[in-house]
S.K.: 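My structure is below; once you've seen it, I'll send some questions.
Start at 1 and go down the list; that is how both ligands and their atoms are numbered.
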Amino acid sequence: MTNRRLRSLVTAILILAVLLPIALSIWFARSHANEQFNDELETYTASARARVEMVIEQAREALLVLNTLQTTPCSPEHLLALRRLAYTHRYVQEVIWMDGLSPRCSSLESSSRQQPFPPPDAVTEKGFRAWYTSRTDLDMSYEMVAIGLDRYAVIIDPLTFIDVVPFSSNPINLALIGTTSNHIIASTSTLSPDIWQTVREEHSISFTRHGNRYEILPLLNAKLMIVAWASLAPLEKAWRDQLLLWMPFGIVISLLAAAFILRLLGRLQSPRYRLIDALNNRDLTINYQPVVELKSGRAIGAEALVRWPQPDGTWLSPDVFIPMAEQTGTINQLSAYVIERVFEEMSDWLRQHPDKHIAINLAAQDLSSTVLLERLTRLCAGAGVATRQIVIEMTERSVVDPDITGPILTRYRQAGFRVSIDDFGTGYSSLSYLQELEVDILKIDKSFVMALERKQVTSHIIEIARTLKLEMVAEGVENPQQEAWLCRHGVQYGQGWHYSKALSAQAFMRWAEENLASREDETLLAPPHA
Ligand code: C2E
Ligand code: CA
Ligand code: CA
C-alpha cells in the first residue's frame with residue numbers, strides 16, 4: 001500500500017474514530033432511555049395483571065364460599081353471612097343472592113327491588129359469569145362489574161382492577177377490556193377507539209401510535225385484556241439526560257482516539273515516509289545539466305540531478321532531501337531510482353551518442369557494497385550503452401573509509417565506469433587518499449569558480465589534478481570571464497548556468513542537438529588553419 005493510500009486510510013479511520021464514540025454515546029443514551037422506558041411500562045403492566053388476577057381470585061373465592069352456605073336464602077342468618085362476606089373481602093362491594101337472574105336479597109338489603117340481570121356479557125369455561133352494568137338499586141348510575149356463580153353474584157368496583165400506583169417516573173395509563181363484548185371495563189383515561197381497533201385486529205402486544213407507547217397483556221382465561229400506555233414525550237427528556245451522562249465518555253474516547261491517530265498520521269507525514277512514498281509513486285524527476293568542453297563549447301555529456309516536486313508546485317532542493325535520505329537510510333532506494341530513471345530516459349540518446357556520458361551522483365552508503373555496480377552493469381548491457389558512458393560522481397565526504405571504498409571504486413573502474421570526485425576541495429580529508437583511490441575526473445567545486453581572482457587556491461587545485469593526470473570539470477561556470485580563466489589554466493570541461501541550467505530529459509536532448517549542430521557550423525565556417 002502506498003503512503004498516500006495509507007494516509008487516506010488513516011484519515012478515514014481518524015474520522016471514524018472521532019465520530020464512532022460520539023455516535024455510540026448517542027446510541028447508548030437513546031437505547032438506555034428506551035430500555036428504561038419500556039421496562040417501566042412492562043413492569044407496570046405486569047403489576048396491573050397481578051392486581052386484576054388478585055381481584056378476580058378474591059371474587060372467585062368469595063363465590064365458592066357463598067355456594068357452600070346452607071341457610072335459608074334471604075333469612076336473617078343468610079343476610080348476616082352475606083354481610084360478613086362483603087365485609088371481609090376488600091374488593092367485594094356487595095353480595096347478591098339471585099333467583100334465576102333476579103336479585104332477591106343482598107348484603108345491603110334484605111329484599112331487593114332490582115331488575116333481573118340481563119344475559120351475562122361473558123361466561124368462563126368454569127361457569128363463572130360476568131356483567132358490566134351501570135344499573136344499581138341505589139337510584140344512581142355507576143359502572144359496576146358483577147361476577148356470578150350459580151345463584152350468587154359479587155359486585156366489584158371496576159376501578160379496583162386498575163388501582164395500581166405507577167412507580168415509574170412517567171405517568172402511565174391503564175385500561176381493562178372485556179374481550180367477549182369489547183367493553184372497556186375501566187380505564188384511567190380515555191382510550192382512543194382506533195387503538196382499541198388495532199389491538200383487536202393486529203394482536204400486537206407492543207406498538208407506538210399518536211406519540212404513545214402501548215403495551216397489551218391478554219388474560220385469556222378471564223376473557224380480559226389489559227392495555228397500558230404512556231406518552232413518549234418524557235422519553236425525549238430522559239434521552240437528553242442520558243446523553244449528558246454518556247456524551248462526556250464519548251468525547252473523551254474521541255479525543256484519545258484522535259490524538260493517537262494524529263500521532264500516527266504525523267509519523268506517516270514525516271519526511272522519511274513522504275520520501276519513500278514519492279519514490280514509490282515515481283514523483284521524483286531527473287534533470288540533466290550539460291557538461292561542455294570549455295575550448296569548443298561542445299556538449300560532452302550531462303549530470304543527472306534529482307528533483308522532488310511538491311504538491312504546492314515548488315521543487316524541494318536535493319540539498320535538503322539528499323542528506324535526509326542519507327540519515328534515514330533511504331538513499332540506496334533513491335540512488336537505485338535515479339539510475340533506473342536515467343536509463344529509461346537517456347539510454348536511446350547515449351546509444352546514439354557513444355562519445356557522450358551521463359554523470360550520476362552516488363552517496364557514501366551506495367559505495368559500501370557492489371549492489372549498485374551490478375545493477376548498473378546489467379542496465380548498460382541491457383540498453384546497449386557502453387559502461388564508460390556512465391560517470392560515478394562521489395564527494396570527498398563519501399570516502400569514509402578508503403579501505404572499503406577503494407576496492408569498490410576499483411571494481412567500478414574495472415567494469416569500465418568512470419569515477420569522478422565531486423565538490424573537490426571542500427572535503428576535509430587529506431589529499432593522500434587521492435593517490436590511493438583510482439579516479440578519473442576531479443570536479444572543482446563551484447565555490448572555487450565563483451571568486452577566481454580572490455581564490456588563489458583554485459590554481460593549486462588545478463595543479464594537483466594536473467600532477468595526478470586527472471581530467472577536470474569546473475562546476476558553477478556562470479560567465480565568459482570564468483570560462484576564459486579556466487580555459488587558460490588548462491581546465492578541460494565546465495558545467496554551469498553560463499551554458500545551461502539543469503533541464504528535463506526532452507529539453508536537454510533538444511539543447512544538445514542545437515549545441516552540437518551549432519558547433520559543427522562553427523567548425524565548417526572556421527578558417528582551415530585556425
Ligand atoms: P552537485 O553534485 O555539486 O550538483 C551541482 C549543483 O550546482 C546542482 O544543484 C546544480 O543545479 C547547481 N549548479 C549548476 N550550475 C550552477 C551555476 O552555474 N551556479 C550555481 N550557483 N549553481 C549551479 P542541485 O541540483 O540543487 O543539487 C545539489 C546537490 O544535491 C548536488 O550537488 C548533489 O550533491 C546532490 N544531488 C543532486 N542530485 C543527486 C542524486 O541524484 N543523487 C545524490 N546522491 N545526490 C544528488
Ligand atoms: Ca555532482
Ligand atoms: Ca559538485
Side-chain angles (χ1 to χ4, degrees), residues 275 278-279 282-292 294 299 301-310 314-346 357-368 372 375-376 390-399 418-427 439-452 458 461 472-483 486 491 493-505 507-508 511:
L275 181 59
L279 287 170
R282 297 172 60 84
D283 286 344
L284 271 61
T285 59
I286 314 292
N287 279 2
Y288 300 87
Q289 186 173 37
V291 181
V292 301
L294 291 176
E303 178 180 1
L305 294 163
V306 68
R307 297 281 176 267
W308 186 358
Q310 297 300 298
T314 60
W315 302 83
L316 197 64
S317 163
D319 279 330
V320 175
F321 67 85
I322 295 290
M324 192 257 293
E326 285 177 330
Q327 277 164 25
T328 56
T330 25
I331 190 70
N332 292 148
Q333 201 186 335
L334 186 135
S335 298
Y337 172 81
V338 171
I339 289 169
E340 192 188 308
R341 289 293 298 257
V342 165
F343 274 85
E344 271 171 24
E345 294 174 345
M346 300 305 293
H357 76 268
I358 297 290
I360 298 172
N361 293 282
L362 293 187
Q365 282 118 300
D366 297 323
L367 296 168
S368 60
L372 271 193
R375 199 189 198 107
L376 270 170
I390 301 297
V391 175
I392 301 303
E393 285 195 17
M394 43 163 279
T395 61
E396 288 172 89
R397 290 181 300 279
S398 310
V399 190
R418 283 183 290 160
V419 176
S420 168
I421 296 283
D422 205 355
D423 302 347
F424 186 69
T426 59
V439 298
D440 305 275
I441 303 160
L442 272 194
K443 283 193 93 168
I444 303 166
D445 187 65
K446 54 180 175 284
S447 58
F448 298 107
V449 178
M450 276 177 182
L452 286 173
T458 315
I461 290 174
M472 279 173 282
V473 179
E475 283 182 341
V477 182
E478 293 184 352
N479 55 53
Q481 293 79 13
Q482 289 166 340
E483 182 188 54
L486 291 162
V491 177
Y493 309 106
Q495 176 183 350
W497 298 343
H498 177 52
Y499 309 103
S500 169
K501 291 203 168 183
L503 304 165
S504 71
F508 165 73
W511 182 93

S.K.: Considering only heavy atoms of E475, which atoms of ligand 1 have at least one such atom less than 4.0 Å away?
M.R.: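 Counting from 1, the qualifying ligand atoms are 3 (O).
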
S.K.: Less than 3.5 Å between some nitrogen or oxygen of S335 and one of ligand 1, yes or no?
M.R.: no

S.K.: Indicate yes or no: does an N/O atom of E478 lie under 3.5 Å from an N/O atom of ligand 1?
M.R.: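 Yes.
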
S.K.: Just how far is it from atom CZ of F424 to atom CZ of F448, taken to the nearest 0.5 Å?
M.R.: 8.5 Å

S.K.: Under 3.5 Å, is there a donor-acceptor pair between the side chain of S504 and the main chain of A507?
M.R.: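 Such a contact is found between S504 side chain and A507 backbone.
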
S.K.: Within the side chain of Q482, is there an N or O that forms a donor-acceptor pair under 3.5 Å with the backbone of V449?
M.R.: yes

S.K.: For atom 12 (C) of ligand 1, which protein heavy atom lies nearest, and how many Å away is it?
M.R.: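 Closest protein heavy atom to atom 12 (C) of ligand 1: K446 NZ, 4.0 Å.
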
S.K.: Please confirm whether I322 comes within less than 3.5 Å of ligand 1 when only nitrogen or oxygen atoms on both sides are compared.
M.R.: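 It does not: no N or O of I322 is found under 3.5 Å from an N or O of ligand 1.
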
S.K.: Testing the basics here: between A364 and E326, what is the closest heavy-atom pair and its distance to 0.1 Å?
M.R.: N-OE2, 4.4 Å

S.K.: Any idea which protein heavy atom is nearest atom 36 (N) of ligand 1, and the distance to it?
M.R.: P318 CB, 4.0 Å

S.K.: Answer yes or no for atom 44 (N) of ligand 1: protein heavy atom present at a distance under 4.0 Å?
M.R.: yes

S.K.: Measuring to protein heavy atoms, does anything land under 4.0 Å from atom 34 (O) of ligand 1?
M.R.: no

S.K.: Verify the contact flag for atom 26 (O) of ligand 1, where contact means a protein heavy atom under 4.0 Å away.
M.R.: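 Yes, there is one.
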
S.K.: Which of the numbered atoms in ligand 1 are under 4.0 angstrom from any heavy atom belonging to D423?
M.R.: 3 (O)

S.K.: Return the minimal non-hydrogen interatomic distance between I358 and M346, and the atom names on each side.
M.R.: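 I358 and M346 have their closest heavy atoms at CD1-CE, 3.9 Å.
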
S.K.: Taking 4.0 Å as the limit for heavy-atom contacts, which would you say applies to D366 with ligand 1: side chain only, backbone only, both, or neither?
M.R.: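 Neither part.
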
S.K.: With a 4.0 Å cut-off on heavy atoms, is K501 touching ligand 1?
M.R.: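 Contact check K501 vs ligand 1: negative.
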
S.K.: Name all residues meeting the side chain to side chain contact (heavy atoms under 4.5 Å, CB included) criterion together with N332; count only those two or more places apart in sequence or in a different chain, and write none if there are none.
M.R.: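 By the side chain to side chain contact (heavy atoms under 4.5 Å, CB included) rule, N332 matches Q365, D366.
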
S.K.: Would a distance-only check, ignoring hydrogens and angles, find a side-chain to backbone donor-acceptor pair under 3.5 Å from E475 to V473?
M.R.: no

S.K.: Please give the atom name: the N, O or S atom of E303 nearest to the Ca ion (ligand 2).
M.R.: OE2

S.K.: Using modelled atom types only, decide if a donor and an acceptor are shared between the side chain of Q289 and the backbone of S500 within a distance under 3.5 Å.
M.R.: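 Checking the backbone N and O of S500 against the side chain of Q289, a donor-acceptor pair under 3.5 Å is found.
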
S.K.: Can you see which heavy atom on S420 is nearest to which on V391, and at what distance?
M.R.: CB-CG1, 3.7 Å

S.K.: What's within reach of the Ca ion (ligand 3), meaning protein N/O/S atoms under 3.0 Å?
M.R.: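 Protein N, O or S atoms closer than 3.0 Å to the Ca ion (ligand 3): D422 OD1, D423 OD1, E475 OE1, E475 OE2.
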
S.K.: Looking at ligand 1, is there an atom of it that comes within less than 4.0 Å of some heavy atom belonging to R307?
M.R.: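 So R307 counts as touching ligand 1.
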
S.K.: For atom 39 (C) of ligand 1, what's the nearest protein heavy-atom neighbour? Residue, atom name and distance, please.
M.R.: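 I find the closest protein heavy atom is V306 CG1, 3.7 Å.
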
S.K.: Quick test: of every protein heavy atom, which one is nearest to atom 29 (C) of ligand 1, and how far off is it to 0.1 Å?
M.R.: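 Ranked first by proximity to atom 29 (C) of ligand 1 is D319 OD1, 3.3 Å.
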
S.K.: I'd like to check which ligand 1 atoms, numbered from 1 as shown, lie under 4.0 Å from a non-hydrogen atom of Q289.
M.R.: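 Ligand 1 atoms under the 4.0 Å threshold to Q289: 14 (C), 15 (N).
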
S.K.: Can you tell if the side chain of T330 reaches within under 4.5 Å of the side chain of F321, non-hydrogen atoms only?
M.R.: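 T330 vs F321: side chains apart.
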
S.K.: Is there an N/O/S atom in S420 that lies less than 3.0 Å from the Ca ion (ligand 2)?
M.R.: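 Short answer: no, not a single N, O or S atom is under the cut-off.
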
S.K.: For atom 23 (C) of ligand 1, grab the closest protein heavy atom and report residue, atom and distance to one decimal in Å.
M.R.: W497 NE1, 3.5 Å

S.K.: Using a 4.0 Å cutoff against the non-hydrogen atoms of V338, which atoms of ligand 1 qualify?
M.R.: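 Going through ligand 1 atom by atom, the ones under 4.0 Å from V338 are 41 (O).
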
S.K.: Mind checking whether E303 has a heavy atom under 4.0 Å from ligand 1?
M.R.: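 A heavy atom of E303 does come that close to ligand 1.
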
S.K.: Would you call L294 and Y499 a side-chain contact if the rule is heavy atoms closer than 4.5 Å?
M.R.: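 Counting from C-beta outward, L294 and Y499 do come under 4.5 Å.
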
S.K.: Checking N361 side chain against A304 main chain: does a donor-acceptor pair fall under 3.5 Å?
M.R.: yes

S.K.: Please check if the side chain of D440 supplies one atom and the backbone of V419 the other of a donor-acceptor pair under 3.5 Å.
M.R.: yes

S.K.: So which protein heavy atom does atom 42 (N) of ligand 1 come closest to, and at what separation?
M.R.: N361 O, 3.3 Å

S.K.: Counting from 1, what ligand 1 atoms have a heavy atom of G496 closer than 4.0 Å?
M.R.: 15 (N), 18 (O)

S.K.: List the closest protein heavy-atom neighbour of atom 8 (C) of ligand 1: residue, atom name, distance to the nearest 0.1 Å.
M.R.: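 Here the closest protein heavy atom is L305 CD1, 3.9 Å.
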
S.K.: Identify which one of L362, V306, L284, L279 satisfies the side-chain contact (heavy atoms from CB on, under 4.5 Å) criterion when paired with V338.
M.R.: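 Between V338 and the candidates, side-chain contact (heavy atoms from CB on, under 4.5 Å) is satisfied uniquely by V306.
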
S.K.: Does T328 reach the main-chain N or O of M324 with its side chain, forming a donor-acceptor pair under 3.5 Å?
M.R.: yes

S.K.: Is the side chain of R375 donor-acceptor paired with the backbone N or O of I339 at a distance under 3.5 Å, no angle test?
M.R.: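 No.
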
S.K.: In the structure I gave you, are the side-chain heavy atoms of Q495 and E303 within less than 4.5 Å of one another anywhere?
M.R.: yes

S.K.: Can you find a heavy atom in the side chain of F508 that is under 4.5 Å from one in the side chain of N287?
M.R.: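 The answer is no; the side chains never approach within 4.5 Å.
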
